[in-house]
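Please read the structure below before turning to the comments.
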Amino acid sequence: MELLDHLRELRYRVIVSILAVLAVALCCFIFYNQLTAVAFHPIQQAIEVYRAKNPGAEVEITTTNVTGGFTLFMKVPFVAGFILSCPVWLYQLWAFIAPGLLSNERRAAIRFLGTSIPLFLTGVLLGYWISPKGFAVLLQFNPPGVLNLNDANEFLTFELTLLLVFGVSFLLPVVLVTLNRFGIISGAGLGKFRSMAIFLCFLFSAVATPSTDPISMCVLAVPMSFLYVIAEVLCKRHDKRQVAEQQQ
C-alpha cells in the first residue's frame, strides 16, 4: 500500500472507532445517574476518609459557571462510552496493524486482541479500585481550615486519565509480543533487559499514580512486572519455534 492508502485506511479506522464511542455513549445517557454515582464514588470515599482523619475539614464537589452542569451531563456518558467501546477501537487498531503481518501471523493477532480487551479492562478496574486511596492521600495536603473545592469536570478528566494509564499499562505484554512477531525484539533481548524493565515499571508507576504512597505504586508496578515476564516467556517460545521451523 502507498502512503495515501495507509492514511485512508487510518482515517477509516479512526472514524469507525469514533462512531462506536458515540453509539455506546448515547446508550449510556439512559444510565446517567447510575454512571455519575459510579464515577464519583472514589472521590466520595476519599472525602469520607479525609474527614474522618480531619474532623471539621471542608471538602466540596462543585461545578463552575452556568454550563458546568451541562458539561458534566455530556462528559459522564462519553467517558463511559470510551471505556466500554474498547473492544471496537482495539479491534480497529489491530485491523490497521494486522495487514503488516505475514498471512500466517494474522490469526495470532486475533488471539492477541482477545487478550488485550480483558487486560485493558482489568487495568481500568484496578485503577478504579485503588483511586480512592490515592485521592485521600492528595486531600491530606490541604492545610487545616482551608475549604477544598473540587470541580466535577476537572476531577472526571483526572480520573479518566488515571484509568487509561492503568488500562494501557496492562497492554504491555500485547505490545511486546507484537514487536517480537515483527522481529523488532527477541525473547533473549527481553531477558537481558528484565532488571531494567522492572525498575522502569516501578519508576513509571511512581509517576503515573496520583498518590505518593508505595502501596498505590506497587499495585500498578507489580502486575506490570509480572506481565513483562509473561511476555518474555511467550517471546522466547516463539523464537525457539521459529528457529526449529527454519532448521527443518
Side-chain angles (χ1 to χ4, degrees), residues 13-14 16-46 72 74-94 111-138 150 152-178 200-211 213 215-228 230-231:
R13 300 297 175 189
V14 171
V16 171
S17 299
I18 292 175
L19 290 177
V21 173
L22 291 175
V24 177
L26 288 175
C27 296
C28 289
F29 275 104
I30 302 174
F31 308 99
Y32 172 76
N33 292 331
Q34 294 87 340
L35 290 172
T36 302
V38 171
F40 288 95
H41 178 67
I43 188 64
Q44 294 288 3
Q45 275 192 321
L72 184 64
M74 298 297 294
K75 184 177 288 187
V76 170
F78 277 95
V79 168
F82 181 78
I83 294 175
L84 295 177
S85 64
C86 69
V88 177
W89 51 261
L90 281 173
Y91 171 78
Q92 295 303 321
L93 175 63
W94 278 111
R111 291 198 297 269
F112 295 140
L113 174 64
T115 304
S116 64
I117 293 173
L119 281 175
F120 176 81
L121 292 177
T122 300
V124 169
L125 290 174
L126 184 62
Y128 182 83
W129 175 74
I130 195 63
S131 59
K133 182 175 179 59
F135 298 152
V137 172
L138 291 176
N150 297 275
N153 287 292
E154 291 184 3
F155 165 76
L156 196 60
T157 301
F158 177 71
E159 184 180 41
L160 175 62
T161 303
L162 175 66
L163 298 183
L164 289 180
V165 166
F166 272 79
V168 173
S169 298
F170 270 56
L171 295 178
L172 176 64
V174 178
V175 174
L176 293 177
V177 173
T178 302
L200 292 176
C201 286
F202 276 86
L203 180 62
F204 171 78
S205 301
V207 176
T209 50
S211 66
D213 64 293
I215 297 178
S216 299
M217 179 183 70
C218 291
V219 166
L220 179 58
V222 172
M224 283 185 65
S225 301
F226 181 69
L227 292 172
Y228 180 91
I230 292 178

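Keep in mind it's a predicted model, so treat the numbers as computed, not measured.
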Heavy-atom check, side chain of Met74 versus side chain of Phe29, under 4.5 Å:
yes
Polar side-chain atom of Trp89 near backbone of Phe82 as donor-acceptor pair, under 3.5 Å
yes
Side-chain heavy atoms of Glu159 within contact of Phe40, under 4.5 Å:
no
Minimum heavy-atom separation for Leu163 and Gly127, please, with both atom names.
CD2-C, 3.6 Å
First locate atom CG of Leu156, then atom CD1 of Ile43, and finally report the distance between them rounded to the nearest 0.5 Å.
11.5 Å
Shortest non-hydrogen contact from Phe170 to Leu227?
O-CD1, 3.8 Å
Sidechain-backbone polar pair: Tyr228 side chain, Leu176 backbone, donor-acceptor under 3.5 Å:
no
To check you understand the geometry: which heavy-atom pair defines the closest contact between Cys28 and Ala80, and what is its length?
SG-CB, 3.9 Å
Reported CD1-to-CD distance for the pair Ile18 and Gln92, which is rounded to 0.5 angstrom
11.0 Å
Indicate the atoms forming the closest heavy-atom contact of Ser116 with Leu171, along with that distance.
O-CD2, 3.3 Å
Considering the options Val174, Thr115, Leu164, which one meets the side chain to side chain contact (heavy atoms under 4.5 Å, CB included) requirement together with Phe120?
Leu164
Show the nearest heavy-atom pair for residues Ala39 and Phe155, with the distance to one decimal.
O-CE2, 3.6 Å
Go through Leu72 and Tyr32 one step at a time and tell me if the side-chain contact (heavy atoms from CB on, under 4.5 Å) criterion holds.
CA-CA 10 Å; Leu72 184 64; Tyr32 172 76; 4.0 Å; yes
Interatomic distance, Ser225 atom OG to Leu200 atom CG [nearest 0.5 angstrom]:
10.0 Å
Could you check Phe202 against Leu220 for side-chain contact (heavy atoms from CB on, under 4.5 Å), going step by step and ending with a plain yes or no?
CA-CA 8 Å; Phe202 276 86; Leu220 179 58; over 6 Å; no
Of the non-hydrogen atoms in Phe135 and Ala46, which two are nearest, and what is the gap between them?
CB-CB, 3.5 Å
What is the distance from atom CG of Leu160 to atom CD1 of Ile83, rounded to the nearest 0.5 Å?
6.0 Å
